[in-house]
Amino acid sequence: MGRNVFLIIFGFIVGSLFYSFHNFSGKPSFWELVLNGMLGVAISYVFHFCNLFLNKTIHWKQYTGLRLLLGIVIHLILGLCIVFLGLKGYELLYHDYSFFSGEGNKILLKISVLLFCAVLIYNIIYLVFYSYRQYTAGQVLEVRLKRKQTELQLSALKSQLSPHFLFNSLNTLSSLFQKDVRRADIFIRSLAKSYQYTLKAYKEVLVTVEDELEFVNSYCFLVQTRFGDYISLDLQLTDNELKSKIPPLTLQMLVENAVKHNIINNENQLKIQIKQNKGCLEVSNNKTAKRPETKSLKIGLKNIISRYELLADKQVRIVDNENFIVKLPLLT
């Protein structure tokens with residue numbers, strides 16, 4: 001509603017200003033003023049819808065010069081067509097006027113020059129305001145994306161600071177102190193290293209696969225201390241893949257999910273593999289007997305998928321058959 005009011009008022013004012021420059025009869029006329037005002041309103045609506053079409057077809061940011069030139073040319077052609085139709089209608093109402101022969105050609109030329117100047121100024125002003133609006137919208141979107149990224153990383157951090165995991169770790173540590181003090185010392189160092197990485201990675205948008213795997217190895221040591229050789233981690237990555245980047249805590253969350261949702265014992269050994277496959281980091285594990293008390297909400301997977309969509313607009317692919325496989329795109 002507000003936009004329509006603006007277009008009508010703006011168009012009528014511009015049409016009235018045109019009339020002040022080319023008074024047909026040489027003296028003020030109410031109907032001539034109304035005609036010019038209506039032509040101005042028609043032109044403002046045509047320009048508005050033309051801009052909507054051009055903005056979708058040609059992006060201002062990528063093709064600024066082309067978009068400006070096409071806007072001027074198309075607006076001028078459309079404006080001349082509307083003026084031509086308006087003047088023809090005026091001739092039909094008032095037979096004393098002839099705009100397309102003799103003296104009328106001078107008026108037509110004058111209108112064309114005025115229209116060209118108006119179109120040129122209009123497109124330059126439109127470029128400035130549209131660019132500013134896009135810039136402010138981009139700034140707002142960037143802030144929202146950063147906030148969303150922070151929320152997702154905070155959610156990932158909370159999952160790593162799980163009281164359940166800490167409780168199990170302390171129980172394991174308690175039993176180690178009674179059996180093997182040296183191994184207990186290594187366990188404490190690995191636990192500290194895991195939490196140190198978690199707090200550090202929370203501030204990062206991307207981390208190298210190599211750094212993430214150091215954390216995963218520390219985590220796996222903690223888990224293997226509890227389950228022994230019944231869980232194994234197989235890494236098949238080259239130096240190039242190790243230097244690639246992924247969102248922090250993604251590999252650890254996938255490994256933790258595998259541990260959390262599968263029974264691990266002598267009869268149900270869990271095998272986790274991380275390898276490169278067609279530009280993706282493929283994390284897979286065999287499926288043992290499912291833990292009856294564990295209900296999957298897939299929060300960890302949703303977190304990973306959301307962060308990938310936010311950072312690179314790339315899809316995380318999940319294959320759930322004999323093995324559970326998650327394919328993470330390598331970002332750089």
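For the pair Leu330 and Ser244, the tightest heavy-atom approach, listed with the atom from each and the gap, is CD2-CB, 3.8 Å. Residues Cys280 and Pro329 share a closest heavy-atom pair of SG-CA, 4.0 Å.
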task: Please step through side chain to side chain contact (heavy atoms under 4.5 Å, CB included) for the pair Asn217 and Leu235, ending with a clear verdict.
output: CA-CA 10 Å; Asn217 284 326; Leu235 303 177; 4.1 Å; yes
Quick one, Asn268 with Asn262, criterion side chain to side chain contact (heavy atoms under 4.5 Å, CB included). Give me CA distance, side-chain angles, the key distance, then yes/no. CA-CA 8 Å; Asn268 297 281; Asn262 291 278; over 6 Å; no
When you look at Leu254 and Leu301, which way does the side chain to side chain contact (heavy atoms under 4.5 Å, CB included) test go after all the steps? CA-CA 8 Å; Leu254 294 175; Leu301 284 175; 3.7 Å; yes
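In this structure, Phe324 has no ring pair (Phe, Tyr, Trp, His ring centres under 6.0 Å) partners at least two apart in sequence or on a different chain. Every residue two or more places apart in sequence or in another chain that forms a side-chain contact (heavy atoms from CB on, under 4.5 Å) with Asn286 is listed here: Leu270, Lys271, Thr288, Asn323. Residues passing the side-chain contact (heavy atoms from CB on, under 4.5 Å) test with Ile77, sequence neighbours excluded: Val73, Cys81. Residues that satisfy the side-chain contact (heavy atoms from CB on, under 4.5 Å) test with Tyr63, not counting sequence neighbours, are Ile58, Leu66. With sequence neighbours excluded, no residue satisfies salt bridge (Lys or Arg N to Asp or Glu O under 4.0 Å) with Lys314. Residues satisfying the side-chain hydrogen bond (donor to acceptor under 3.5 Å, both in side chains) test with Lys287, not counting sequence neighbours, are Asp320. Residues passing the salt bridge (Lys or Arg N to Asp or Glu O under 4.0 Å) test with Glu210, sequence neighbours excluded: Lys243. With sequence neighbours excluded, the residues that form a salt bridge (Lys or Arg N to Asp or Glu O under 4.0 Å) with Arg189 are Asp185. Not a single side-chain hydrogen bond (donor to acceptor under 3.5 Å, both in side chains) links Glu309 to another residue, sequence neighbours left out. Under the side-chain hydrogen bond (donor to acceptor under 3.5 Å, both in side chains) criterion, Gln315 pairs with no residue at all, not counting sequence neighbours. With sequence neighbours excluded, the residues forming a side-chain hydrogen bond (donor to acceptor under 3.5 Å, both in side chains) with Tyr45 are Asn4, listed by chain and number. Remark: Leu78 engages Val46, Cys50, Ile74 in a side-chain contact (heavy atoms from CB on, under 4.5 Å) (not counting sequence neighbours).
By the 4.5 Å heavy-atom criterion applied to side chains, Leu76 and Leu80 are counted as neighbours. In this structure, the side chains of Gln236 and Gln276 stay at 4.5 Å or more apart for every pair of heavy atoms. Proximity of Gln224 to Ile231: side-chain heavy atoms (C-beta onward) are separated by under 4.5 Å at one or more points. Proximity of Leu328 to Pro247: side-chain heavy atoms (C-beta onward) are nowhere separated by under 4.5 Å. At a threshold of 4.5 Å between non-hydrogen side-chain atoms, the residues Leu237 and Leu213 count as touching.
Within 6.0 Å of the CG atom in Asp239, the count of heavy atoms belonging to other residues, nucleotides or ligands does not exceed 12. Around CG of Asp234, the count of heavy atoms belonging to other residues, nucleotides or ligands within 6.0 Å exceeds 12.
A side-chain donor-acceptor contact under 3.5 Å links Ser218 to the backbone of Glu214. In this structure, the side chain of His48 does not engage the main chain of Ser44 through any donor-acceptor pair within 3.5 Å.
Both Val41 and Leu52 are assigned to one and the same hydrophobic cluster, defined by single-linkage of ILVMFWY side chains at heavy-atom distances under 4.5 Å. Both Phe129 and Ile121 are members of a single hydrophobic cluster when ILVMFWY side chains are connected at heavy-atom separations under 4.5 Å. Both Ile304 and Ile318 are members of a single hydrophobic cluster when ILVMFWY side chains are connected at heavy-atom separations under 4.5 Å. Following chains of ILVMFWY side-chain contacts shorter than 4.5 Å, one cannot reach Val119 starting from Val128, and the two form parts of different hydrophobic clusters. Two different hydrophobic clusters hold Tyr308 and Val319 under the rule that ILVMFWY side chains link at heavy-atom gaps under 4.5 Å.
Arg67 contributes atom CZ, which lies 10.0 Å from atom CD1 of Ile72 (distance to the nearest 0.5 angstrom). Between atom CE of residue Met253 and atom CD of residue Glu212 there is a gap of 10.0 Å, rounded to the nearest 0.5 Å. Ile43 contributes atom CD1, which lies 12.5 Å from atom CE of Met38 (distance to the nearest 0.5 angstrom). Within the model, atoms NZ of Lys245 and CG of Asp211 stand 9.0 Å from one another, a figure rounded to the nearest 0.5 Å. The distance from atom SG of Cys220 to atom CD1 of Ile272, rounded to the nearest 0.5 Å, is 5.5 Å. Separating the CD atom in Glu282 from the CD1 atom in Ile325 is a distance of 5.0 Å, to the nearest 0.5 Å.
Using cut-offs of 30° and 60° on the angle between ring planes, the pair Phe47 and Tyr122 is tilted.
Applying the side-chain contact (heavy atoms from CB on, under 4.5 Å) test between Leu251 and each of Val207, Val326, Leu281 identifies Leu281 as the sole match.
A donor atom on one side chain and an acceptor atom on the other are not found under 3.5 Å apart for Tyr130 and Asn123.
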